[in-house]
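Everything below concerns the one structure shown next.
Protein chains get the first letters and strands the later ones, always in sequence-line order, with residue 1 at the start of each.
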Amino acid sequence: MSESTKLVPTEPQRLLVIDGHSMAFRAFYALPAENFATDTGQHTNAVHGFVSMLLTMIRQQKPTHVAVAFDLDTPTFRSLEYTEYKGGRNKTPEEFYGQIDLIQKVMEAMNIPTITMDGFEADDIIATLAAQGEAAGLDVLVVSGDRDAFQLITEKTLVLYPKKGISDIPPMDAAAVEAKYFVRPDQYSDLAALVGETADNLPGVPGVGPKTAAKWINLYGGLAGILENINQIKGKVGDSLREHVDNVSRNRHLNHLLRDLELPVGIDAMVLERPNREAIEELFDALQFNTLRKRLFDLFGDEPDDAPEAAEIAEHQDLADAAAIRTWFASHGAALVGLHAATVPAGGGADVIGLAFAASDANAYVSLERIDADTEAALAQVLAAPGYAKAVHDFKGTYKLLAARGLELAGVQDDTMITAYLIQPDRRSHELADIAQVHLKLSLEVDAPAGNGQLALDLEGPDTATPAVRAAHAVRELSLHLAPMLAERGGDKLLTEMEMPLSLVLAEMEMAGIAIDTAKLDELYDDFTKTIDAATAEAYAAIDGEEVNLSSPKQLQVVLFEKLDLPKTKKIKTGFTTDAESLADLLAKTGHPFLVALMAYRDATKLRQTVEGLRKAVAEDGRIHTTYAQTVAATGRLSSLNPNLQNIPVRSEEGRRIREVFIVGEGYETLLTADYSQIEMRIMAHLSKDEGLIQAYAEGEDLHRFVGSHVFGVAPQEVTNEMRSKVKAMSYGLAYGLSSFGLSKQLKISVDEARTLMKEYFARFGAVRDYLRAVVDKARIDGYTETIFGRRRYLPELASDNRQLRDIAERAALNAPIQGSAADIIKRAMLGVHEALREQGLKSRMLLQVHDELVLEVAAGEVETVEALVRKHMGSAADLLVPLDVQVGLGRSWQDAAH
DNA sequence: GCCGCGACGTA
DNA sequence: CGTACGTCGCGGCG
C-alpha cells in the first residue's frame, strides 16, 4: 500500500475507477456503430463513447487519480467454480471487436493505467482499488454498469451506475441504494444472491424478487439470518427458497468481490497527468476523432495544433434587452448564424422558451421567459430580417414554434435537417443529435425528450441555454459542412427551390388544419361499436361461447388451428398468420361462421380505431392539424403523422363514411380535391419513352383497356373487366419490381400464366422492360438512382453479396425514380398553387396532400379561379412526354368532393 | 414503460 | 418472392 499521494489539504483527493468493459459496452450500444468507422472500416463507436464519457467525468468530477479495470478472456475463479457462469450470453457483436484494444491504447496515451488480473474480473480489481483508495484517504468514485458494485458503497465510496436515457444521474450513495432496494449497500450482495442475476446466468430463488428479498433481509438481518431461520419462512416462496437454497449460497459466494488482490499498479501511478500529446495526435488521427481531440486538449488546457478558430462553444452571451440584441446582430450577424429554439413540453406539443444563436465568433441566447415588449420587438426584427442569414435544423418546426408566439422567421437559407436528408434520404433519423454525430462526430445532448435510446454521455446541468447554444453552434457547423456536400451531389437546387419553400407551404397547411364534423365522428364511433359488439357475440357463439380476445393474433391462432383445427395458413415468426387474406382463404375452404364474424370484427375495429384516433386529434379550433414529415420517406414523398391523414379509408363503403367528417370550415364555401390520374404510369411512359404507352396517353384512352387489348390481342372494346384488372395489376406491379411469382399470387393464377402475361406485356411494351433494366444497371454503376428533378437515393446494397438484400435494393432502385418523380411533381405543383393563391390575393388555401391528391378549402366566390389555377399548376408541374391529367371535385366534405 | 410483432389503412 | 409510409393492440421484458 502506498502512502505517497500528494496531500492537498483544501481539495479532497478523488480516485475515479472505471469498469472498462462494461462502460465500453454501454457506449457501444448507445452510439450507432454504422456512424462511427474509420476509412479502413474499423468501428470506433465504443471507443468514441468511452473517451467522451471519460472526458465528461474528468471535467465534472475533477478526479486527482484515475484507473480503468478490464476483464481478461482467461478463466476466472468464478468460471472455474461454476462453469455456467456468465453462460448463455450472446456473442459479442462483430463491430465490437478490436475496440477494447483501442480504448486501452487511448488510455496509455492519456497516461491512465489500465489494470487486468489473470484469474480475476474487473469487479475484483475495482473492489480492491476502492479499498486501497479509501485506505489512502481518497474519495472513490466507481463507474460501472454492474450492480454488484453497489456492495462497495461506503461514506467514502460512491458508485455511478449509468442508465440509458437519463442524462444527469447523481452517483449512488448508501441512501440511494436503500431508497431503491430497501437494503444497505453491504446487504446488496445478499439481495442479489436471493434474486439472482440473469446477465451472469446465476438463477436465484424463483418467485423471489427484490421486494421479497429485501423484506427477509430486514427481518433476519441478512442472508446468514435468513438461512438460520429458513424453516420459519412460510408460503410458496418459503418452499421455493428451501428448494433453491444452493443457488443462493453459490450466488452469494460468486458475487462477493475480492478486495485484497495484489495489483500490479500502485495508487500513485494513478495520479491524473497530462496526456502524451504526440501519442494522442497519432491515435486520434487514425481514429478520425477531431471533436474529441479538441475536447481532450481543452480539458487539459492544451491547444491542438490544428485548433479550429471556432468559438468556444460552451460560452455565450445572454442578450437581455433590445440594445444587446441589435448590437450582437450588428457585429456578428453578417455571416451565417446558426439558430436553435430551446423548448419545453407543453400539452402534447412544445413551447419556445428561448433562442440560441451561433455566429462565427460568438454565441448568444435570448430567453423568452419574462421578456419585455421592447426586447421582444428587437428579437422579432432580427428574426424576420432576410438580411441576417440563418441556418436552422427543422425549419418547419421552428417556424411553427415561433409563429405560435407571433414571431416571424425569415432569412433562413439552410435547413440542415433537409440538407442531411437530401444527402442520405435512407437514414431513419435526421435528428440534430444524430446528424451532428455522423457528420461532425459531435455528441450533443439536445433539449429533446430523453429516452431515444441514447446514453447521455454528456452530463449537463439543468441549464437550458447551454445545450441550445451548443445545438445552434452545431447547426452552423453542419450547414457549412453539408452545403458543399449537397452541392457536389447536385442537390442544392432541390433544397433551395423545392424543399425549403415547401416547408413554408407545409407549415401553413399544418397550422390551417382541416375542419371536422365532431358530431358525425361520434356517431360513427357508436355505429362501429355496435358492429363490433355484434360481431364479437357472433364470434363467441361460433366457438362454444369461448371468450377469446379477437384482437390477439396469438389467441386467434389457438382458436383457429387448435380448437377448430382449420387448415394451416402461411408460417410467420409466431406461428401461422391470421391476416385478412388467409382468413378469406380459410372461409372459402371451410365456410366456418367464426371466420365471418372475425372478419367483420377486424374491419369494424380498424375503422373504430381510425375514428378514435381522429377524435383525439381534434384541436380546440375544431380542426385536425396533421404534421407532415419532410425528411422521412426515402423516395422523396411526404409522410403524415399525429394523426396520419394519408391513410384515411377510401376503398370500402363503410370506410368512406369517415371521409364525410372532414368538412369545409366556417367562412369557406367548399372543399376541393384535385388528383393526378395514374401519375406513376405516366412517369413510367415518360422515362421509358415507350411509344405504345405514350400514344395511349396522347389519345386519352383508358390506359388499362389499351394495354389489355395489346397484351391479349383483342380490340379495345373487347377487353373484359377481368382482362383489364389483370393488366392493371401488372402495370402497377412493374413499378415495384413485381415478379411472375408475385403476380401469380396476386391474381390467383398459375406462375406459368403470369409469366406468359408478362411476356406478352413486354413484347408489346418493350421499352418498359428496357427502361427497368437500365435503371438498375445504371444504379449499380452510379450507386444511386435519380428522379426527373435530380433527387438521388443511394443504394449501396445493390453491390451486396447477400442475395436477399441485393434483390430488395434492386426493387427499391426500380421504384425510387418513379415514386420519387411523382413526389417531386406534386411538390412543384404545391409551390405553384400556393404562390398563385398568394399572388392573386385569394383567401382559399391548401389543407392536405395525399401523395397524388391535394385538398383545398375554397373561399366564397373563388371556386372557378381556384379550380383553374389548381388545374394549371398541377398540370404544368413537369414537362413530360405525356400529359398530366388532373381530376377535380367539389363538395362540403372530403367524401363529397371526391369524384 | 419500452419494444418487436402482426395486422392493416393509404398512395 | 411488390414500393413507400404510420398507427394500433398485444404480449414479453424490465
Relative to each other, are the rings of A/Y732 and A/H704 parallel, tilted or perpendicular (30° and 60° limits)?
tilted

May I ask you to say what [X] touches in the nucleic acid, namely base, sugar-phosphate or nothing, with a heavy-atom cut-off under 4.0 Å?
X: A/G742; result: sugar-phosphate
X: A/A822; result: nothing
X: A/T577; result: sugar-phosphate
X: A/Q819; result: base
X: A/A823; result: nothing
X: A/E612; result: nothing
X: A/D807; result: nothing
X: A/I572; result: sugar-phosphate
X: A/I648; result: sugar-phosphate
X: A/R793; result: sugar-phosphate
X: A/T605; result: nothing
X: A/K554; result: sugar-phosphate

Taking the minimum atom-to-atom distance to the side chain of [X], which one of [options] wins?
X: A/A633; options: C/dG2, C/dC5, B/dT10; answer: C/dC5
X: A/N815; options: B/dG6, B/dG9, C/dT3; answer: C/dT3
X: A/Q555; options: C/dG11, B/dG9, B/dC8; answer: C/dG11
X: A/D603; options: B/dG9, C/dG2, C/dT7; answer: B/dG9
X: A/S739; options: B/dG6, C/dT7, C/dG2; answer: C/dG2
X: A/R811; options: C/dG2, C/dC10, C/dA4; answer: C/dG2
X: A/Y732; options: B/dA11, C/dG2, C/dC5; answer: C/dG2
X: A/R651; options: B/dT10, B/dC5, C/dG6; answer: B/dT10
X: A/Y736; options: B/dA11, C/dG6, B/dA7; answer: B/dA11

Compare side-chain N and O positions of [X] against OP1 and OP2 of [N] and report whether any pair is under 4.0 Å apart.
X: A/T578; N: B/dA7; result: yes
X: A/S639; N: C/dG6; result: yes
X: A/N644; N: C/dC8; result: no
X: A/T574; N: B/dC5; result: no

Under a 3.5 Å distance rule, please check whether A/E853 uses its side chain to pair with a backbone N or O of A/Y676 as donor and acceptor.
no

Sub-3.5 Å donor-acceptor pair from the side chain of A/R659 to the main-chain atoms of A/D896, do we have one?
no

With the threshold set at 4.0 Å, does a side-chain nitrogen-carboxylate oxygen contact exist between [X] and [Y]?
X: A/E760; Y: A/R769; value: no
X: A/R657; Y: A/E660; value: no
X: A/R791; Y: A/E499; value: yes

Checking only heavy atoms, does the side chain of [X] share a donor-acceptor pair with the base of [N] at less than 3.5 Å?
X: A/R637; N: B/dA11; result: yes
X: A/N647; N: B/dG9; result: yes
X: A/K606; N: B/dC8; result: yes

Distance between P atoms of B/dC5 and C/dC1 (Å, rounded):
16 Å

